[in-house]
A.B. asks: 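What follows is a structure written as structure tokens; I'll ask about it next.
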Amino acid sequence: MAKSILDGTEWTATEFAGLLPEEQRANRQELACLSCNGRAVFRAGQQRQPSFAARHRQDCRLVSRPWSAFRFLAEAGRGT
């Protein structure tokens, strides 16, 4: 997942991939990590599943050893 720094919208990579091309272009430079707000990028292609990658900040909870994206999302009330 990633979020828009413009309006705070949270996206899964699949949802973002479903946007119209012009919507993707307008939003793909405005993405950030859910936890640390580090710059995120959207990746997709014919040979690649849609995904996000981020330049996490040093204190990001999503990349520190005791944390995982699943735990972060669950504690934030986003997990199922």
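None of the values given here were measured: they were computed from a predicted structure.
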A.B. asks: Leu31: which other cluster members, linking ILVMFWY side chains closer than 4.5 Å, directly or transitively?
C.D. replies: Trp11, Phe16, Leu19, Phe42, Phe52
A.B. asks: Determine the minimum heavy-atom distance between Pro50 and Ala44, stating which atoms define it.
C.D. replies: CA-CB, 4.0 Å
A.B. asks: How long is the gap from CZ on Arg61 to CD on Glu75, to the nearest 0.5 Å?
C.D. replies: 6.5 Å
A.B. asks: What's the spacing between Glu10 CD and Ser4 OG if we round to 0.5 Å?
C.D. replies: 10.5 Å
A.B. asks: Specify the closest pair of heavy atoms between Ala54 and Cys33, including all atoms of both residues, with the distance to one decimal.
C.D. replies: CB-CB, 4.3 Å
A.B. asks: Restricting to pairs with a member in residues 22-37, which pass side-chain hydrogen bond (donor to acceptor under 3.5 Å, both in side chains), not counting sequence neighbours?
C.D. replies: Lys3-Asn37, Gln29-Arg39
